[in-house]
2 protein chains.
Amino acid sequence: MGATQGRRPPVMADVAKEAGVSHQTVSRVLNEHPNVRSETRARVMEAIDKLGYRRNLVARALVTKHSRTLGVVSFDTTLYGPASTVYGIEQAARGAGYFVSIVSLKSIDKIGVSDALDYLADQGVDGIVVVAPQRSAAQALGELPFGVPTVAVEGGEAGDVSVVCVDQVRGGRMATEHLLSLGHETVWHIRGPSDWLEAEGRVAGWRAALEQAGRQAPEPLAGDWSPRSGYEAGRSLASMKDVTAVFVANDQMALGVLRAFTEQGVRVPDQVSVVGFDDIPESEFFSPPLTTIRQDFGAVGRHSIEVLLRQIEGQGSHERERLVVPPSLVSRASTARR
Amino acid sequence: MGATQGRRPPVMADVAKEAGVSHQTVSRVLNEHPNVRSETRARVMEAIDKLGYRRNLVARALVTKHSRTLGVVSFDTTLYGPASTVYGIEQAARGAGYFVSIVSLKSIDKIGVSDALDYLADQGVDGIVVVAPQRSAAQALGELPFGVPTVAVEGGEAGDVSVVCVDQVRGGRMATEHLLSLGHETVWHIRGPSDWLEAEGRVAGWRAALEQAGRQAPEPLAGDWSPRSGYEAGRSLASMKDVTAVFVANDQMALGVLRAFTEQGVRVPDQVSVVGFDDIPESEFFSPPLTTIRQDFGAVGRHSIEVLLRQIEGQGSHERERLVVPPSLVSRASTARR
DNA sequence: CGCGGATATGTTAGCGTTAACATCCCGAGT
DNA sequence: ACTCGGGATGTTAACGCTAACATATCCGCG
């Protein structure tokens, strides 16, 4: 309980002396080695308590070669998606007894990612999760120079590493099919930045669904995930006569679209139906509440840790895994029958 | 460039042998010690390159007693505020050459916070930033058992540690005064959970502004930061006749309020003016765009690292600092003259 | 021509822990 | 009684690095 006020914090040897045993026995107690008399164990525990001893994990890591720290590389953890994913990763990692060291990149380019990887490898992490939603980031994973187990989240077919991701194509397809099933002739799309794999996947799903239904796919409008870009695309769409259904690549842009439509007097869903992507907490309270494709970021985070730990702990198996989390449709008031 | 494929990764001694110097000289090169002939330096660098050597920061930390890692304890990094703050912290820390280890708590209670603190202290972090927006979390900082420099973000008058925070009271006052200046007789308030210091501060500012203007403060409505709670409070307000101005304690709840008003046919800002708090990226595209109090989370993160590093590097000075970041009013279309 | 004091390098000794091996003790088996 | 085996403990040696001190080496100057 109490902490004795020595100048320097107590070390194992101090505890050993206090308990009248060798430092190795203290180590055994701490590591729950079976061959320790329970009486001795009690004495050691008491000494630990008395001196307020805490083991030095750095020294431990030096000799065991395991830091029990995982590295996470992510891009703009201010956005809901990455933030939720990282949160899920952190929770899962801690649950498994690992610390998490995070590097948040501003711009995700090859250099940035390799630097971050180096940075983490230097620090001696046992494994790394890279949230690599951009093609350029995924490519940086191609040539991992060191032997640290790595998992990519949303990393496409990236390099030689295991991947955990949400089925973006399926999500895009679901959104589009939902609109089609409501009787819309075709579906317009506001896409994310072209470097993003998620954006590509959603476009692909949207296009596939339209083709399968034998409909013409209009030219997708470009956005950058921000509400403003959605707003601008929305203004363009509002001025066009034949638009009755829009699939927007994320909820933030969808908000911008709704705003633009409201301003232009386009009623949603009476005149135009809108579907978003992500299901951020706000979506349910947009005007109107947004129909959207929900991504289970928490599950993605958890799975990525599972895969990573499997790779770390069963060191031998170099099996590259690929885990796909299905999205789901959340139907609200922004979509209606044509 | 290339990595020699030895079984075990090269260590300093290997580089030393390769370069024909002692390992200490290698260490000197790595630490940019001045007294090394530039020719020797070049030879060492070459050897490092050739062997693909990377220094072992764990061993380094063991002897220097500095891990160059900072711990961050936060609550629900899924929310925009905490996420942005943590992001700012991480950027600033990395800029200063530090790693960041994060623990995200689900519920912030005394036990959770102390556990997290222990956890980080065990890992040997050089300092800790606790994002402690709740009273209970702030209290947990009261009895810090170990000698790790610590800074609280949004920690109120917490314990014995330095604090960096946004002036919540001033923010609440600004929001209220803005509404009053538009000619509203009084201002209603939807507050955050009572355990949160930020919520308290905003209530205090709101109340102070009303009192100063000689107005009666109506009973504040309770929310929990979620859009849903705002929606429910909004429904209550919509049914009341004399409500013309509402100050909502965060933007997410304000969204719920706008939704409720829209549903009930209450027009914003014609019939009721609404002010939020935070200025999340979405606020500009609400219907109508939300007038709100902007918090500069990035600045808070940066300042907290500055204060922490000052504490770490100038070890002697135990000066407890208190740094307050001013909020600012962002005026948009959700407020209008009465 | 040798000596002082830089400057450049090498040598030694930890940092606090765990791994590996050595030792001690006690009860069982013959 | 005497060994043998294994449980409980102690001793020693790393782990890879930096700090501190020791040792060249070189230059200028009296």
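In what follows, every chain begins at residue 1, and chains take the letters A, B, ... in the order their sequences are listed. Hydrogens, waters and symmetry mates play no part in the numbers below; they use all other heavy atoms, side chains included.
Note on N31(A): a side-chain N or O is less than 4.0 Å away from OP1 or OP2 of dT18(C). Contact annotation: N35(A) side-chain N/O to dA8(D) OP1/OP2 distance is under 4.0 Å. Of the side-chain N and O atoms in T40(A), one or more sit less than 4.0 angstrom from OP1 or OP2 of dT9(D). Not one side-chain nitrogen or oxygen of K65(B) sits closer than 4.0 Å to the OP1 or OP2 atom of dT18(D). S27(B) has a side-chain polar atom (N or O) that falls below the 4.0 Å cut-off from OP1 or OP2 of dT18(D).
Side-chain proximity of R37(A) to dT17(C), dA8(D), dG10(C): nearest is dA8(D). Distance from the side chain of M12(A) is smallest for dT18(C) among the nucleotides dG16(C), dC17(D), dT18(C). Of the listed nucleotides (dC17(D), dA8(C), dA20(D)), dA20(D) has the atom at the smallest distance from the side chain of R28(B). Comparing dT9(C), dA13(C), dT17(C) against the side chain of V36(B) picks out dT9(C) as the nearest. Of the listed nucleotides (dG10(C), dG14(C), dG16(C)), dG14(C) has the atom at the smallest distance from the side chain of V63(B). For S22(B), the side-chain atoms get nearest to dT11(C) when compared with the rest of dT11(C), dC15(C), dT9(D). Among the nucleotides dG16(C), dT9(D), dC17(D), the one closest to any side-chain atom of A59(A) is dG16(C).
Nearest-nucleotide assignment on DNA chain C puts the 5′-proximal partner with H33(B), out of H33(B) and R55(A). Residue order along DNA chain D, read from the 5' end via each residue's closest nucleotide, puts Q24(A) first among A13(B) and Q24(A). Residues L30(A) and T25(B) each lie close to DNA chain C; by heavy-atom proximity, the contact nearer the 5' end of the strand is made by T25(B).
Taking the six-membered ring for Trp and the full ring otherwise, F297(B) and Y87(B) have centroids separated by 6.0 Å or more.
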Task: From CA spacing to verdict: salt bridge (Lys or Arg N to Asp or Glu O under 4.0 Å), D14(A), R8(A) - done: CA-CA 11 Å; D14(A) 299 325; R8(A) 63 149 184 40; 3.3 Å; yes

- [ ] Test side-chain contact (heavy atoms from CB on, under 4.5 Å) on R55(A) and N31(A) and set out the steps.
- [x] CA-CA 11 Å; R55(A) 85 164 115 192; N31(A) 293 313; 3.0 Å; yes

TODO: Please step through salt bridge (Lys or Arg N to Asp or Glu O under 4.0 Å) for the pair E46(B) and K50(B), ending with a clear verdict.
DONE: CA-CA 6 Å; E46(B) 200 181 324; K50(B) 177 171 174 198; over 6 Å; no

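Atom-to-atom, NE2 of H66(B) to C1' of dC15(C) comes out at 13 Å; the value is rounded to the nearest Å. Rounded to an integer number of Å, the gap from NE2 of H23(A) to P of dA13(D) is 12 Å. Counting to the nearest Å, the C1' atom of dG16(D) and the CZ atom of R54(B) are 16 Å from each other. In this entry the distance linking CZ of R43(A) with C1' of dT9(D) reads 11 Å, nearest Å. For the pair L62(B) CG and dT18(C) C1', the computed distance is 12 Å after rounding to whole Å. If you take CG of N56(A) and C1' of dG14(C), they are 14 Å apart, rounded to a whole angstrom. One atom, CG of L51(B), and another, P of dG16(D), lie 14 Å apart when rounded to the nearest Å. In this structure, the CG atom of L57(B) is 14 Å from the P atom of dG16(D), given to the nearest Å.
Residues I102(B) and S74(B) fail the side-chain proximity criterion, which asks for heavy atoms closer than 4.5 Å.
Within the nucleic acid shown, V58(B) has no heavy atom closer than 4.0 Å to any nucleic acid atom.
When each of L120(B), D115(B), V129(B), V86(B) is checked for a side-chain contact (heavy atoms from CB on, under 4.5 Å) with V73(B), only L120(B) meets the rule.
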